[in-house]
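Worksheet for the structure shown next.
In each ligand, atom 1 is the first atom listed, and ligand 1 is the first ligand listed.
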Amino acid sequence: MEELVALCKRRGFVFQSSEIYNGFAGFFDYGPLGVEIKKNIKDLWWRDVVRRRDDIVGLDSSIIGSPKIWEASGHVAGFSDPMVDCRESKLRYRADQVFWARVALAETGEVLGAVSVMESGTMEAEAQAAADKMKRKAAKQGALAPLDLKDLTQATAEDLSIIPSPATGNPGTLTAPRDFNLMFQTAVGATVDGSNAAYLRPETAQGIFTNFKNVQQTARAKIPFGIAQIGKAFRNEITPRNFIFRSREFEQMEVEYFISDDDDAWRGEHQAWLDFSWQWLLSIGLREELMGRDVHEAHKLAHYARACTDITFRFPFGQSELQGVAARGAYDLTQHQEASGKGMEYFDEATKRKYVPHVIEPSLGVDRLFLALLTSAYHEDEASSARHLNGACLHVGGEKRTLLRFHPAIAPIKVAVFPLVKNKPELMAKAEGLYKQLSMRYNCFWDVAGAIGRRYRRMDEAGTPFCITVDFDTLEDDTVTVRDRDSTEQVRMPMADVIPYLDKAVHGY
Ligand code: GAP
């Protein structure tokens, strides 16, 4: 993760927000390369999910809406995480991310204290090491009882008196868990008495539900059909962490796919969305061996939900949710129908029946997908030992290079143009002509600085799939060298063939 974060800053993908003021936790700014990737992600999603499907239409609803929306949806009452504070360090934790266990001697049951660790793939080992240290410090003999790790939501007041704070290691400084609502509040208009409080939306989904009738009627949509939206969402996360994986301001790409209210209709539709989403993620270059599925157990689902499966990804810090695909029944539309008094029913012409549709909700974070694509694409190779993140690696002529193997459609710069030398005007003019022509279609890069090898390396690190060199032969026969980022192979082709060649790689046709 450190390497990715460093690369993101060095090459202008992602910066810490408010960096000149020492940053602002949970917020990020996307630099020149990052903004291109984000735009590519959103454009591809919109193309494949909205424009290329006849059963989906788009929407762009406001970020701030009536607070009644969030009361009806259940967010005001229930969109919260349990948090604990450390009174000493003033640090705040999500109670379900801090794990603890009593440390006791196996034979006598004597309790020596408790250990606490932050949730991670290595937390069992960390907790055991801390428990062993406690036993040594207490100069006790005999084996310890096996540790029973639980999160802080399962700690009583008595437990809390011996659980050490993850910040200071001192016991008794953590508060009891309490619910913390994740919605950001703001005030709309000039009144200052609190009656004008409103919320920044924590998901784009509710804007879709509240517009269900507007869209269905104006688009004359027939069930099954979906409404898609891309937009910002805000959550006052207690512990934003893992870079852009969990931030306080992020973007979502969501579909609410309205289906019949037949009891079993959701099964096939839910599976179809899982398959569609999986294939789409593959199509933009996510490596399948890093992907997984996490089927939520029935007893952990919200009371109204029929099913929820996450598409997971092996991020540098572990396997975690990338996209959720939920079958939400008729819950949201019913809630809004009751709260607003406006009918949310759909009239089925064929059966002459009115009903509140059920819904399948695929929901994907743009920033989280950005991180997954970076992780998938990141490769390093070194002269002595080839290294890589999460799988395959390349080894190029014994030289060290870092490269981002983005799918050409995702790559922020599609092609770079290099004149071999800059002191030959005809050669420069030829290269400039090609650069201008290509710039009409793609985000291109022009580089005349340094040896060709160094220029290649700079582009490898930015994830540019193709570099074109204009050399002395170009002046004779109008051919150029196109160098492939991943294989480093170079092919010579007529300049006239360059655009069809790049189009095929970027768009697939
Ligand atoms: N409407 C359903 C919904 O919002 P969610 O699981 O809370 O469900 C959906 O969020 C997706 O949004 C997640 O799978 C993730 O990709 C993204 N997401 C959620 N919280 C995020 C955060 N704090 N930072 C970045 N992305 C987030």
Side-chain angles (χ1 to χ4, degrees), residues 14 17 25-28 30 34 38 41-42 45 59 61 63 69-70 72-75 78-81 94 96-97 180-184 199-210 212 226-257 270 273-274 277-278 280-281 286 291-296 300-302 304-313 315 317 319-329 331-333 335-336 359-375:
V14 184
S17 164
F27 296 91
F28 295 91
Y30 288 79
K38 256 183 128 181
I41 292 173
K42 290 185 280 183
W45 190 85
L59 177 76
S61 70
I63 286 175
I69 294 175
W70 308 107
S73 65
H75 283 79
F79 191 57
S80 53
D81 278 337
R94 252 176 68 174
D96 55 351
Q97 289 175 348
F180 174 75
N181 195 294
L182 300 184
M183 283 196 295
F184 278 105
Y199 304 99
L200 303 192
R201 67 180 175 202
E203 60 172 18
T204 61
Q206 296 304 322
I208 299 179
F209 291 123
T210 54
F212 168 69
I227 305 177
Q229 171 155 235
I230 299 179
K232 288 266 187 181
F234 303 83
R235 295 183 189 176
N236 196 1
E237 298 282 358
I238 298 169
T239 49
R241 55 179 186 164
N242 294 325
F243 195 35
I244 52 175
F245 175 82
R246 178 176 291 115
S247 52
R248 289 177 165 142
E249 174 178 340
F250 55 98
E251 269 182 291
Q252 289 186 315
M253 306 190 287
E254 296 197 293
V255 177
E256 300 303 332
Y257 195 72
H270 185 249
W273 270 105
L274 268 173
S277 306
W278 186 274
W280 186 76
L281 292 167
L286 224 55
M291 293 162 60
R293 288 181 195 213
D294 177 16
V295 181
H296 292 209
K300 287 191 182 155
L301 293 172
Y304 51 82
R306 303 291 161 102
C308 184
T309 300
D310 292 339
I311 296 180
T312 62
F313 182 81
F315 292 97
F317 54 86
Q319 195 83 20
S320 234
E321 174 187 344
L322 169 64
Q323 165 164 18
V325 182
R328 296 177 62 91
Y331 173 77
D332 303 87
L333 287 182
Q335 289 292 105
H336 289 301
V359 76
I360 306 291
E361 180 191 69
S363 177
L364 176 59
V366 178
D367 314 73
R368 216 170 261 195
L369 178 54
F370 184 113
L371 184 59
L373 287 167
L374 261 183
T375 310

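- Looking at Thr210 and Ser61, their side chains never come closer than 4.5 Å, going by heavy atoms from C-beta outward.
- Ring geometry, Phe313 versus Phe315: the interplanar angle exceeds 60°, so the pair is classed perpendicular (tilted spans 30 to 60°).
- Between Trp278 and Arg293, some side-chain heavy-atom pair lies under the 4.5 Å cut-off.
- The closest heavy-atom contact to atom 11 (C) of ligand 1, among the options Ser363, Pro362, Ala372, comes from Ser363.
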request  = Could you walk me through whether Trp273 and Val255 pass the side chain to side chain contact (heavy atoms under 4.5 Å, CB included) test, one step at a time?
outcome  = CA-CA 10 Å; Trp273 270 105; Val255 177; 4.1 Å; yes

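- Of all the atoms in ligand 1, the ones that sit under 4.0 Å from a non-hydrogen atom of Glu361 are 1 (N), 2 (C).
- The shortest N or O to N or O distance between Phe250 and ligand 1 is not below 3.5 Å.
- Checked against a 3.5 angstrom limit, the closest N/O atoms of Asp367 and ligand 1 fall outside it.
- The protein heavy-atom contact nearest to atom 24 (N) of ligand 1 is Ser247 N, 3.0 Å.
- Using a 4.5 Å heavy-atom threshold, the side chains of Ser363 and Glu203 count as separate.
- Within the 4.5 Å cutoff, no side-chain heavy atoms of Val359 are placed close to those of Leu333.
- Of the residues Lys38, Arg248, Lys42, Arg246, the one that meets the salt bridge (Lys or Arg N to Asp or Glu O under 4.0 Å) test with Asp367 is Lys38.
- Contact atoms of ligand 1 toward Glu254: 1 (N), 2 (C), 3 (C), 4 (O) (distance under 4.0 Å to a heavy atom of the residue).
- In this structure, atom 17 (C) of ligand 1 lies nearest to the protein heavy atom Gly365 CA, 3.8 Å.
- Proximity annotation for atom 20 (N) of ligand 1: of Arg235, Arg201, Glu249, Arg235 comes nearest, heavy atoms only.
- Residues satisfying the side chain to side chain contact (heavy atoms under 4.5 Å, CB included) criterion with Ser247, sequence neighbours excluded, are Phe28, Phe250.
- Ring planes of Phe184 and Phe27: tilted class, angle from 30 to 60°.
- Distance from atom 25 (C) of ligand 1 to its nearest protein heavy atom, with residue and atom name: Phe245 O, 3.1 Å.
- Contacts between Arg246 and ligand 1 below 4.0 angstrom, taking non-hydrogen atoms only, involve backbone and side chain alike.
- In terms of protein heavy-atom proximity, atom 12 (O) of ligand 1 is nearest to Gln252 NE2, 3.3 Å.
- Considering both main-chain and side-chain atoms, Glu256 never comes within under 3.5 Å of ligand 1 through any nitrogen or oxygen pair.
- With a 4.0 Å heavy-atom cut-off, ligand 1 is reached by the backbone of Leu322 but not by any atom from C-beta on.
- Neither the backbone nor the side chain of Arg248 comes within contact range of ligand 1; no heavy atom lies under 4.0 Å.
- Only the side chain of Ala205 comes within 4.0 Å of ligand 1, judged by heavy-atom distances.
- Of the protein's non-hydrogen atoms, Glu321 OE2, 3.2 Å is the one closest to atom 6 (O) of ligand 1.
- Shown here are the salt bridge (Lys or Arg N to Asp or Glu O under 4.0 Å) partners of Glu249, two or more places apart in sequence or in another chain: Lys232.
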